[in-house]
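What follows is a set of notes on a single structure, which appears directly below.
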Amino acid sequence: QYASTSEENRRIPKIYTKTGDKGFSSTFTGERRPKEDHIFEALGTTDELSSTIGLAREFCIDSGHSFTDQLEKIQCILQDVGSNIATPRSSARDSHIKKTMFSSQAVMELERWIDSFTEELPPLTNFILPSGGKSSAALHVARAVCRRAERSVAPAVRSGETDPEVAKYLNRLSDYLFTVARYAAVKEGKGETIYKRPE
């Protein structure tokens with residue numbers, strides 16, 4: 001029994017690898033770069049974005065919203081975004097590029113969802129502040145992180161290391177998150193706070 005337990009422990013992969021202890025990490029292509037490299041900055045911000053969407057999704061599930069499956073799918077697609085970012089074209093082989101190619105279909109799907117939600121929303125005539133209940137406010141936080149993720153990816157796209165479709169997806173995703181935040185507020189009957197210039 002003890003021997004069996006020991007064998008099982010040996011088979012369980014450890015969460016820590018110690019390979020990043022000296023301030024370097026590896027891309028999918030095997031290239032070692034400093035952890036402050038723009039590729040890892042973009043990867044970290046994309047991971048943060050997925051985490052904020054995950055938190056917002058939990059609020060939306062609690063409120064019974066119908067679009068939580070969309071948020072889950074977006075989190076899955078953000079994994080693909082990360083794979084593309086983690087595969088700099090400067091060191092990628094054809095096999096790497098083929099495995100991490102990012103499809104424009106994901107952008108088109110977001111646009112369809114945005115159009116569908118927009119049809120059910122009142123026209124936007126004023127600047128609104130992040131508000132409208134916990135689901136809506138959490139989605140606004142995700143939108144703000146998404147904008148930062150888009151900015152962090154821009155250098156890699158400009159240098160040709162990351163697929164331009166990734167930047168386009170993040171740009172459209174921030175629009176989606178803004179729209180669905182407003183939709184969540186409307187469905188919950190929560191008012192959106194309008195910007196008023198302080199006197």
Side-chain angles (χ1 to χ4, degrees), residues 38 41-85 102-157 162-199:
H38 65 274
E41 182 66 32
L43 278 173
T45 311
T46 304
D47 181 34
E48 184 182 350
L49 171 58
S50 181
S51 297
T52 56
I53 290 174
L55 179 60
R57 181 173 178 270
E58 292 301 318
F59 285 125
C60 293
I61 288 171
D62 289 346
S63 297
H65 287 297
S66 61
F67 53 81
T68 54
D69 286 349
Q70 292 179 4
L71 297 177
E72 183 179 353
K73 185 171 185 179
I74 287 166
Q75 287 183 283
C76 291
I77 292 172
L78 286 174
Q79 290 293 114
D80 296 333
V81 166
S83 295
N84 191 277
I85 295 169
F102 191 78
S103 171
S104 61
Q105 293 295 320
V107 176
M108 295 168 63
E109 184 171 51
L110 282 180
E111 289 174 349
R112 287 196 298 271
W113 290 345
I114 291 168
D115 292 343
S116 177
F117 288 128
T118 300
E119 288 178 1
E120 298 189 47
L121 292 174
L124 190 62
T125 57
N126 296 286
F127 287 112
I128 60 169
L129 304 178
S131 54
K134 291 179 180 177
S135 298
S136 179
L139 287 164
H140 277 297
V141 173
R143 171 191 57 78
V145 175
C146 187
R147 287 293 192 196
R148 180 151 51 84
E150 182 187 359
R151 293 193 299 272
S152 72
V153 166
V157 172
T162 298
D163 193 327
E165 288 295 324
V166 164
K168 190 182 294 185
Y169 182 79
L170 292 172
N171 182 277
R172 213 66 85 253
L173 179 55
S174 65
D175 294 332
Y176 166 87
L177 291 168
F178 178 79
T179 304
V180 82
R182 295 195 64 218
Y183 181 82
V186 167
K187 286 299 178 181
E188 291 181 29
K190 303 283 179 65
E192 295 178 298
T193 304
I194 303 299
Y195 162 76
K196 296 177 183 177
R197 187 179 179 86
E199 296 180 358

Distance (rounded to the nearest 0.5 Å) between [X] [atom1] and [Y] [atom2]:
X	Y	atom1	atom2	result
Leu139	Leu55	CG	CG	9.5 Å
Asp69	Ile61	CG	CD1	8.5 Å
Arg151	Glu41	CZ	CD	11.0 Å
Arg143	Thr52	CZ	OG1	11.5 Å

(message) Applying side chain to side chain donor-acceptor pair (under 3.5 Å), can you list everything that pairs with Lys73, at least two apart in sequence or on another chain?
(response) Glu109
(request) Output all residues satisfying side chain to side chain donor-acceptor pair (under 3.5 Å) with Asn171, sequence neighbours left out; order by chain, then residue number. (result) Glu150
Is [Y] close to [X] at the side-chain level, that is, under 4.5 Å between some pair of heavy atoms?
X	Y	value
Thr45	Val153	no
Lys168	Ser104	no
Leu78	Val81	yes
Asn84	Tyr169	no

(request) Can you tell me which residue pairs pass the salt bridge (charged side-chain N to carboxylate O under 4.0 Å, His left out) test with a partner in residues 47-56, sequence neighbours excluded? (result)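 Only Glu48-Arg148 qualify under salt bridge (charged side-chain N to carboxylate O under 4.0 Å, His left out).
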(request) Would you mind listing every salt bridge (charged side-chain N to carboxylate O under 4.0 Å, His left out) that reaches into residues 115-127, with sequence neighbours excluded? (result)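 Salt bridge (charged side-chain N to carboxylate O under 4.0 Å, His left out) check on residues 115-127 returns Glu120-Lys187.
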Atom of [X], atom of [Y] and distance for their closest heavy-atom approach:
X	Y	result
Cys60	Leu71	SG-CD1, 4.3 Å
Thr46	Ala42	OG1-O, 2.8 Å
Ser131	Ser136	O-OG, 2.7 Å
Gly82	Leu43	O-CD2, 3.1 Å
Leu49	Leu177	CD1-CD1, 4.4 Å
Leu170	Cys146	O-SG, 3.2 Å

(message) Tell me whether Ser116 contacts the main-chain N or O of Arg112 through its side chain, where contact means a donor paired with an acceptor under 3.5 Å.
(response)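 No; zero donor-acceptor contacts below 3.5 Å.
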Sequence-distant partners of [X], salt bridge (Lys or Arg N to Asp or Glu O under 4.0 Å), two or more places apart:
X	value
Asp175	Arg147
Arg57	Glu72
Glu111	Arg172

When the side chains of residues 188-199 are checked against the rest of the protein, which donor-acceptor pairs come out under 3.5 Å, sequence neighbours left out?
from   : atom 1 : to     : atom 2 : distance (Å)
Glu188 : OE1    : Lys190 : NZ     : 3.4
Glu188 : OE2    : Ser63  : OG     : 3.3
Glu188 : OE2    : His65  : NE2    : 2.6
Glu188 : OE2    : Ser135 : OG     : 3.1
Glu192 : OE1    : Arg182 : NE     : 3.4
Glu192 : OE2    : Arg182 : NE     : 3.3

(request) Name all residues meeting the ring-ring contact (aromatic ring centres under 6.0 Å, His included) criterion together with Phe59; count only those two or more places apart in sequence or in a different chain, and write none if there are none. (result)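 For Phe59 there are no ring-ring contact (aromatic ring centres under 6.0 Å, His included) partners, ignoring immediate neighbours.
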Set of residues satisfying side chain to side chain contact (heavy atoms under 4.5 Å, CB included) with respect to [X], sequence neighbours excluded:
X	answer
Pro155	His38, Arg158
Ala137	none
Gln79	none

(request) Classify the angle between the aromatic ring planes of Tyr183 and Phe117 as parallel (below 30°), tilted (30 to 60°) or perpendicular (above 60°). (result)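 Geometry flag for Phe117 against Tyr183: tilted rings.
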